[in-house]
> 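Here you go, one structure.
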Amino acid sequence: MSHSNWKPRLKRSEGPLYGTLVDALAADISAGRLRAGDRLPTHRELASTLGTSLGTVTRAYAEAERRGLIWSQVGNGTFVRNLRDGDRYTPQLDRTRIDLGPTAVPIVPGDMGHLAFAAALQRLSERADLGALSGYQAHAGTEAQRAAGARWLELAGVPATSENVIVSSGAQHATLMVLSLLANPGGLLVEDVTYPGVLAAAEWLRLPTHPVTLDAEGLVPEALAEACRKSKARVLYCTPTNHNPTTVVMPLKRRQALVEVCRKFDVTLIENGALAPLVAKAPAPLAALAPERTYHLGSLSKAVLPALRVGYIRAPAPSSQTLEHAAAATVWSGSPLLNELATQWVTDGTAESLRDARRAEATARQSLAAKVLKGHPYVAHPSAYFLWMPIPEQRRATELVEAAAARDVLLGPAHLFAARPGQAPNALRVSLGAAGSREELERGLKTLAELLGATSPAPRRLA
């Protein structure tokens with residue numbers, strides 16, 4: 001074990017200093033500036049370095065140990081945990097193939113989220129009120145859970161209070177609840193390439209879908225107006241931040257134009273914000289621009305931990321009670337254990353720290369993709385879990401999917417995201433998160449690069 005002269009990089013924060021210190025520790029572990037076995041400064045040494053109280057450092061170390069980041073031994077010191085202990089984990093079910101298909105959270109061996117999850121479960125098991133978490137709870141979540149949901153959404157710029165937040169069992173459940181509430185024979189307006197989950201939900205509810213054209217800045221307002229004139233649909237589902245599958249972040253001016261069209265035609269908005277937390281400085285969400293007509297769907301699964309199947313719906317005030325009825329009709333009661341864990345993590349800052357770790361890993365994987373796929377054009381946000389790759393006209397995306405599968409690499413064909421059956425673009429969505437390690441991802445991307453063949457122009461990126 002080596003001794004570390006760790007000097008934390010503290011970010012400005014309105015929260016307590018001990019929490020900022022824990023966040024700095026987590027960030028340096030993620031970035032590799034602190035390694036497994038490194039001995040941290042003593043409580044007194046660090047307090048002297050920072051010019052703060054001994055109590056602040058003691059509380060920070062205790063919180064870091066609670067999150068599973070460090071361990072201490074009386075008489076020997078405090079050490080960084082080996083985050084690669086234990087079995088390798090990957091969301092792939094088929095370990096014989098490299099999966100570049102699903103929208104998976106980049107989980108690496110010994111992931112900090114898993115360590116925090118294990119530590120949290122242990123603490124829950126020791127709680128005196130565990131019996132209360134073993135039964136049913138309020139359909140829409142408890143007051144504390146809804147308040148935590150509001151706080152999580154506010155981190156992404158969504159104006160929310162416990163009164164207009166409903167707890168759901170993830171964003172997909174939230175999608176089904178809101179579509180059930182708003183469903184009418186006119187159907188649903190969607191982006192012409194969109195999240196497959198909303199297409200599945202619409203099909204389940206027998207709602208016709210009306211595709212709206214996208215361009216490099218997202219959904220086109222003029223195309224939306226035309227779709228409103230041609231159809232009776234008055235509900236729009238869209239993803240303005242970190243769009244799935246293209247990763248586009250819609251500029252503020254485009255969002256404002258979109259809201260104007262929705263007000264003109266009295267269109268209700270459903271804003272998918274599950275991947276929005278990965279974008280550090282996104283424009284104002286639609287829920288902030290048009291709160292009176294926007295249902296914002298947030299989630300912890302993509303930005304924090306897949307196992308945390310907890311979502312939040314920020315709804316216009318008059319519909320909260322009806323959504324509570326929808327929650328009762330679909331799941332009756334969400335998991336009290338998961339909801340309580342989500343509440344703790346949002347409240348104590350763990351969720352925010354893990355979100356930052358996810359951003360960092362996604363950014364590293366995007367950098368790797370830029371290196372391996374150099375010369376092959378694609379679109380990607382720097383912190384997205386995937387990239388969108390239009391295929392040259394002389395090639396067919398389906399052929400690439402088949403050729404890659406023959407070499408044990410799985411890709412995401414565009415037809416999975418196409419709202420117009422039979423009219424999918426000639427493109428691939430390449431996931432960077434499902435691979436169990438960066439090394440595995442590099443092997444998969446190299447196979448794709450080899451199959452793409454000829455050199456093409458440099459990749460185009462979105463800021």
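Bear in mind that the values here come from a model prediction, so they are computed numbers and not experimental data. FYI, the numbering just counts along the sequence from 1.
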> Any side-chain heavy-atom pair from Val379 and His243 closer than 4.5 angstrom?
no
> Would a 4.5 Å heavy-atom cut-off, applied to side chains only, mark Leu448 and Leu373 as touching?
yes
> Within a 6.0 Å radius of atom CD on Gln394, are there more than 12 heavy atoms belonging to other residues, nucleotides or ligands?
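Atom CD in Gln394 is packed in, count exceeds 12.
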> Spell out, as yes or no, whether a donor-acceptor pair under 3.5 Å connects the side chain of Arg255 to the backbone of Met250.
yes
> Look at the side chain of Thr213 and the backbone N and O of Val220, then say whether any donor-acceptor pair between them is shorter than 3.5 Å.
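Between the backbone of Val220 and the side chain of Thr213 there is no qualifying donor-acceptor contact (under 3.5 Å).
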> Do Leu400 and Leu451 come close enough that some side-chain heavy atom pair is under 4.5 Å?
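A side-chain contact exists here, since the closest heavy-atom pair is under 4.5 Å.
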> Is there a donor-acceptor contact under 3.5 Å from the side chain of Arg314 to the main chain of Glu154?
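Judged by distance alone, no pair lies under 3.5 Å.
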> Can Ile98 and Thr447 be said to form a side chain to side chain contact (heavy atoms under 4.5 Å, CB included), step by step?
CA-CA 10 Å; Ile98 300 175; Thr447 297; over 6 Å; no
> Just by distance, no angles: are the side chains of Ser301 and Arg309 close enough, under 3.5 Å, to form a donor-acceptor pair?
yes
> What is the minimum heavy-atom distance between Ile313 and Ala174, and which atoms define it?
CG1-CB, 3.6 Å
> Enter the distance from Glu222:CD to Leu258:CG here, rounded to the nearest 0.5 Å.
10.5 Å
> Do you know the tightest heavy-atom contact between Ala418 and Val193?
CA-CG1, 4.4 Å
> Would you say Thr398 and Pro413 make side-chain contact, with heavy atoms under 4.5 Å?
no
> Calculate, to the nearest 0.5 Å, the distance between atoms CD1 and CG belonging to Ile166 and Leu297 respectively.
12.0 Å
> Check the pair Arg365 / Glu361 against salt bridge (Lys or Arg N to Asp or Glu O under 4.0 Å), numbers first and verdict last.
CA-CA 6 Å; Arg365 294 190 178 212; Glu361 181 65 20; 2.8 Å; yes
> Other residues, nucleotides and ligands only: do more than 12 of their heavy atoms fall within 6.0 Å of CD on Glu450?
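Yes, because the 6.0 Å sphere around CD of Glu450 holds more than 12 heavy atoms from other groups.
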> Does Pro240 reach the side chain of Glu271, with side-chain heavy atoms less than 4.5 Å apart?
yes
> I'd like to check the salt bridge (Lys or Arg N to Asp or Glu O under 4.0 Å) partners of Glu143; sequence neighbours left out, ordered by chain and number.
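If we apply the salt bridge (Lys or Arg N to Asp or Glu O under 4.0 Å) test to Glu143, skipping adjacent residues, the hits are Arg146.
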> From Leu441 CG over to Asp99 CG, what is the distance, rounded to the nearest 0.5 angstrom?
11.5 Å
> Please determine which of Leu100, Leu445, Leu368 meets the side chain to side chain contact (heavy atoms under 4.5 Å, CB included) test together with Leu432.
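Of all the options given, the one that passes is Leu445.
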> Hey, does Leu428 have a side-chain heavy atom less than 4.5 Å from the side chain of Val401?
yes
> I'd like to know if the side chain of Arg293 reaches the main chain of Thr268, judged simply by a donor and an acceptor atom lying under 3.5 Å from each other, with no hydrogens or angles considered.
no
> Mark yes or no for whether Arg234, through its side chain, and Cys228, through its backbone, hold a donor-acceptor pair below 3.5 Å.
yes
> With under 30° as parallel and over 60° as perpendicular, where do the rings of Phe417 and Trp388 fit, or are they tilted in between?
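Perpendicular, since the angle between the ring planes exceeds 60°.
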> Can you name the nearest heavy-atom pair linking Ala150 to Ser162, along with the distance?
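Heavy atoms of Ala150 and Ser162 come nearest at CB-N, 4.1 Å.
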> Which pair of heavy atoms, one from Phe386 and one from Ala380, lies closest together, and at what distance?
O-CB, 4.3 Å
> What are the two closest heavy atoms between Gln366 and Ala384, and how far apart are they?
NE2-O, 3.0 Å
> Evaluate salt bridge (Lys or Arg N to Asp or Glu O under 4.0 Å) for Arg229 paired with Glu226, printing each intermediate quantity in order.
CA-CA 5 Å; Arg229 282 189 284 266; Glu226 183 65 16; 3.3 Å; yes
> Determine yes or no for a side-chain-to-main-chain donor-acceptor pair under 3.5 angstrom, with Glu191 supplying the side chain and Thr239 the backbone.
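Answer holds: yes.
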> Can you tell me how far the OG1 atom of Thr247 sits from the CG atom of Leu387, to the nearest 0.5 Å?
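Rounded to the nearest 0.5 Å, the OG1-CG separation comes to 8.0 Å.
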> Rounded to the nearest 0.5 Å, what separates atom CG in Asn272 from atom CG in Leu286?
11.0 Å
> Quick one: NE2 on His210 to CG on Leu236, what's the gap to the nearest 0.5 Å?
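Here the rounded value is 11.5 Å.
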> Among Leu224, Leu189, Val248, find the residue that satisfies the side chain to side chain contact (heavy atoms under 4.5 Å, CB included) test when tested with Leu219.
Leu224
> May I ask you to decide if Ser353's main-chain N or O and Asp23's side chain share a donor-acceptor pair within less than 3.5 Å?
no
> So, for Ser299 and Lys302, which heavy atoms are closest and what is the spacing to 0.1 Å?
OG-N, 4.3 Å
> Do side-chain atoms of Arg429 reach the backbone of Gly101 as a donor and acceptor pair under 3.5 angstrom?
yes
> Whether the Arg438 and Ser367 side chains hold a donor-acceptor pair (N or O, under 3.5 Å, no angle test) is what I'd like checked.
no
> Side-chain contact test, heavy atoms from C-beta onward, threshold under 4.5 Å: evaluate it for Val346 versus Val304 and give yes or no.
no
> Go through it in stages, so that I can follow the logic: the residues are Lys446 and Glu442, the test is salt bridge (Lys or Arg N to Asp or Glu O under 4.0 Å), and I'd like the CA-CA distance, side-chain angles, deciding distance and then a yes or no.
CA-CA 6 Å; Lys446 283 183 175 178; Glu442 184 173 13; 3.5 Å; yes
> Any side-chain to backbone donor/acceptor pair from His376 onto Met389? Under 3.5 Å, distance only.
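Here the side-chain-to-backbone pair does not exist.
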> Using atom types as modelled and distance alone, determine if a side-chain donor or acceptor of Ser168 lies under 3.5 Å from a backbone N or O of Gly170.
yes
> Which is it for Val105 and Leu305 under the side chain to side chain contact (heavy atoms under 4.5 Å, CB included) test, yes or no, and what are the steps along the way?
CA-CA 7 Å; Val105 178; Leu305 193 70; over 6 Å; no
> Are Leu341 and Val310 close enough, and set up right, to give a side chain to side chain contact (heavy atoms under 4.5 Å, CB included), and what steps lead you there?
CA-CA 10 Å; Leu341 177 55; Val310 178; over 6 Å; no
> Show the numbers, then the answer: is there a salt bridge (Lys or Arg N to Asp or Glu O under 4.0 Å) between Arg355 and Glu352?
CA-CA 5 Å; Arg355 177 208 64 189; Glu352 197 172 351; 3.7 Å; yes
> Are any non-hydrogen side-chain atoms of Val190 and Tyr195 less than 4.5 angstrom apart?
no
> Any chance you could lay out the side chain to side chain contact (heavy atoms under 4.5 Å, CB included) test for Tyr295 and Leu269, step after step, and finish with the verdict?
CA-CA 6 Å; Tyr295 293 77; Leu269 285 153; over 6 Å; no
